Amino acid sequence: MNDLDSEGREKRLTAVAPNRLAELEAEAAADDEEASLPDLPNVETYEEVRMRLAPNPNGPWHLGNARMPAVIGTYKDRYGGWMLCRFDDTDPETKRPALAAYDAILDAIEYLGFEPDEVVRASDRLETYYEHARALIDRGGAYTCSCSGEEFSALKNAGEACPHRKKDAERTRAEFDAMVAGEFSGGELVLRIRTDIEHPNPALRDWVAFRVVDTPHPREAASEYRCWPLLDFQSGIDDHLFGISHVIRGIDLQDSAKRQRFLYEYFGWEYPEVVHWGHVQLDAYDVELSTSRIKTLIAEGELDGWDDPRAPTVASLRRRGIRGEAITEAMGGLGTSTSNVDLPMSAIYAENRELVDDTADRAFLVREGVEKVVMGGPAAGEPLIHPNHEKRGVREIPIEGAVLVEPDDVPPNGKRVWLKGYGPVRHTRDAFEFTGEGIDVVREEGVPVVHWVPADGNRPVLLRTMEGDVEGRAEPGFGERDPEEVVQFERIGFARVDTQDEERTVAYFAHP
RNA sequence: GCUCCGGUGGUGUAGUCCGGCCAAUCAUAUUGCCCUCUCACGGCAAUGACCGGGGUUCGAAUCCCCGCCGGAGCACCA
C-alpha cells in the first residue's frame, strides 16, 4: 500500500514539478554517500575485499556486538566484498558456547540486514589447527611448556626464557601429539609460540597457542577434543586460510595482530590490513554491555530474558519493533575510531523513526483513562489512519456514550478540548458536551487536540517499556492487528504489536 | 612497572597524511517559530567544539616538544 502511495506521489510530482523529483533523488544519493564509514585501507591492492565476523557464541548479542556486522556488512556492500561468519568457539570452559547462540547470532546478522557468504565454526576445524601447529613446531616456531602461569609470567616480565624454551622440535612434537591425544590434563602443558622473549612489549613474549581443557565442548561434534587453540593462533591461521584481506576488531585485540605477525613470519604469509575500534557505550541503559552480565541478570530474574525491553540487546530492540537497519545506520555513523564512543539511543531512534513513520498506522492508546460521558455529537469518530496519507482512509471508532481520555488531557471545567477525529467538546459538570464548532477552534482559538477511546468496547493493552509495564486502552479493533505490526500511538510513540490473546494486546514501546 | 592507542560542540562525525579556502562539516540533541485535528513527519532558525602550555611559521585543529586526561594489552578468555 505504501508503494502505491509513494508511486502516486511520484507521478504527481513528475507532472507538477519534474525538476523537483530529480532534485529529491540527487539529495537521496548524496545522503547515501556521506555520513558513513571511512574507506578501508589499501583496498586497491586486493583482488577482493574479504572480511570476517568472528563472534564468540557464548550468548545472544548485546548492542555492542551489533557493531561488528553493521560495520563489516556495510563495507561488504560498499566494496562488493565477501564476508565470513566464523564462530570462534574454542573455549569450552570459561566462555562456554551456548548452543542456542549460534542460530541466534545468525538471526541477528540477518535482522541487521546482512548475510554471510559462508559460515564456519572453529570447533569443526581443530584438525586444521593441529596440522599448522605441527608445521610450526617443525619450523622451530613453538615449544611445549609446563611452567605454571605464575612462574612463566614472572620470567616473562623479567625478559627471561623458561627452561622449556630450548626444547627441540622432536620433543615438542611428541609432547604436542600427546596433548592432542588427551594424555595431559588441564594446566599441565601448553604450546607456546617462540616469539622474542626480550621484546619491549611484554604482551608479545612467547604467548600460548594451545592448552588442554578438561571440560568437553558443548557441541557434540567437538566434544572429544581436549587440546584447544587460543584466539591468537586459531584466528591468525583462519584469517590466512580464508584469504581475509581486512580484519576489523576491537581495541582489546590491539596486540593480536602483533602477536600473530610472528606466526605469519614463520609461515611466510602476508598479514591482512587491520582496523581497530573502541568500545561502544549506550546511554539509556542501567545494564552494562556484557554477555555474562546480562546472562547473570536473567538468571537472577532481574531481566525477563534476552528480549526484555530493559535489556541492551539486539533481541530487545527487535521485539520493540526497531528495524535492524536503524541499528546498522547508527553504528555506521560511529565510524571506526579507536577511542571509546557513546552512542545515544536517540541516534537509533532517529534512524528508526525515519524508516517507520511513513508506514506505521496511527492508533489511540489511553493510559490511566478518565471516563467522561459525551453528550450530543456524532455516533463515531473518524481519525485518519495516517495523517500524511489521506487515501489510506480512516479508523471508524464508535462512541457508545462515553470516552476515556488521559488525566492530563481533561480540560478544566468550562473549557473545551478537541477529541481527535471526532470533534470539539466542552467539559461541563462531569461530562463532555459536544459543541459542534469547526476545526477553526483548534487553529484559531488554540483548543487542544487529544486522543481518546470509547469507554465501552475498547481494547486492553499492556505496553511494555524500558521504564516498566504500562496498562492502557486502545481503540476497538486494535485486537485485530497482526503481531509484528508497528503502529504509532498518537502523542505517545511507536510500538510493535507483540501478542494478541482473548483479553488483551501486548505491545512493546519503541520510542517517541 | 612495561608496551600500545587516542583526545574536535551534550553525542557521533568531517577536516589532521599534503599548514592558509576552517571564527571549523554533517547528523543527532536541545530550544524557539512555521506547518499540522499527534508532543510524529516536514520546514526555518538558534545553541554549542579544535585537552593545556610552549615552539616552528607571515599563518596551526592540522607540524614539533612537554604536560594533562582517557582507553587497551601484558590470561592455559574472546
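Each chain gets a letter, A, B and so on, in the order the sequences are listed, and its residues count up from 1. These figures come from a predicted structure and were not determined experimentally. Below, all heavy atoms of this structure are taken into account, side chains as well, without hydrogens, waters or symmetry copies.
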How far, in whole Å, is [M] from [N] if one measures between their [atom1] atoms?
N     : M     : atom1 : value
B:G67 : B:G1  : P     : 14 Å
B:U8  : B:A61 : P     : 15 Å
B:A24 : B:G54 : C1'   : 24 Å
B:G12 : B:A75 : P     : 31 Å
B:A45 : B:C51 : C1'   : 31 Å
B:U11 : B:U57 : C1'   : 35 Å

Rounded to whole Å, how long is the line connecting atom [atom1] of [X] with atom [atom2] of [N]?
X        : N     : atom1 : atom2 : result
A:Asn352 : B:A40 : CG    : C1'   : 13 Å
A:Asn157 : B:A75 : CG    : P     : 7 Å
A:His386 : B:U36 : NE2   : P     : 16 Å
A:Ile348 : B:U28 : CD1   : P     : 15 Å
A:Asp408 : B:C39 : CG    : C1'   : 12 Å

(request) Identify which one of A:Asp239, A:Asp238, A:Asp88 satisfies the salt bridge (Lys or Arg N to Asp or Glu O under 4.0 Å) criterion when paired with A:Arg52. (result) A:Asp239
(request) Could you pick out which residue, A:Ala54 or A:Pro512, lies toward the 5' side of RNA chain B when each is mapped onto its nearest nucleotide? (result)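 Counting from the 5' end, the first nearest nucleotide belongs to A:Pro512.
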(request) Take A:Thr338 and A:Leu204, find for each the nucleotide of RNA chain B with the closest heavy atom, and name the residue whose nucleotide sits nearer the 5' end. (result) A:Thr338
The side chain of [X] is closest to which nucleotide in this list: [options]?
X        : options             : answer
A:Gln254 : B:C5, B:A29, B:C37  : B:C5
A:Phe494 : B:G12, B:A40, B:A78 : B:A40
A:Gln488 : B:C74, B:A78, B:U38 : B:U38
A:Asp91  : B:C74, B:U13, B:C77 : B:C77
A:Val449 : B:C37, B:G12, B:A78 : B:C37
A:Lys156 : B:C5, B:C74, B:U38  : B:C74
A:Pro202 : B:U3, B:A78, B:A40  : B:U3
A:Thr94  : B:A72, B:C77, B:C41 : B:C77
A:Asp255 : B:G73, B:G12, B:G71 : B:G73
A:Pro344 : B:A78, B:A40, B:G10 : B:G10

Does any donor-acceptor pair link the side chain of [X] with the base of [N] at a separation under 3.5 Å?
X        : N     : value
A:Arg491 : B:A40 : no
A:Glu351 : B:U28 : no
A:Lys420 : B:C37 : no

Give a yes/no answer on whether the side chain of [X] brings an N or O atom under 4.0 Å of OP1 or OP2 in [N].
X        : N     : result
A:Arg443 : B:C37 : yes
A:Ser339 : B:C5  : no
A:Arg211 : B:C77 : yes

(message) For A:Phe87, give me all partners under ring-ring contact (aromatic ring centres under 6.0 Å, His included), at least two apart in sequence or on another chain.
(response)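 Once residues adjacent in sequence are excluded, the partners of A:Phe87 under the ring-ring contact (aromatic ring centres under 6.0 Å, His included) criterion are A:Tyr102.
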(message) According to ring-ring contact (aromatic ring centres under 6.0 Å, His included), who are the partners of A:Phe432, at least two apart in sequence or on a separate chain?
(response)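 Only A:His427 meet the ring-ring contact (aromatic ring centres under 6.0 Å, His included) criterion with A:Phe432.
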(request) Return one dot-bracket line describing RNA chain B 5' to 3' (Watson-Crick or G-U wobble pairs, both distances under 3.5 Å; ( ) same strand, [ ] crossing, | another strand, . none). (result) (((((((..(((.......[.....)))((((((.......))))))...(((((..]....))))))))))))....
(request) Scan A:Ile439 against the nucleic acid and name what it touches under 4.0 Å (heavy atoms): base, sugar-phosphate only, or nothing. (result)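 Since a base atom lies under 4.0 Å of A:Ile439, the category is base.
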(request) Would you mind classifying the nucleic acid contact of A:Ser337 as base, sugar-phosphate or nothing, using non-hydrogen atoms under 4.0 angstrom? (result)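 If one applies the 4.0 Å heavy-atom cut-off, A:Ser337 turns out to touch the sugar-phosphate alone, with no base involved.
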(request) Could you label the plane-to-plane angle of the A:Phe262 and A:His199 rings as parallel, tilted or perpendicular, counting under 30° as parallel and over 60° as perpendicular? (result)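 The arrangement is perpendicular - the two ring planes meet at more than 60°.
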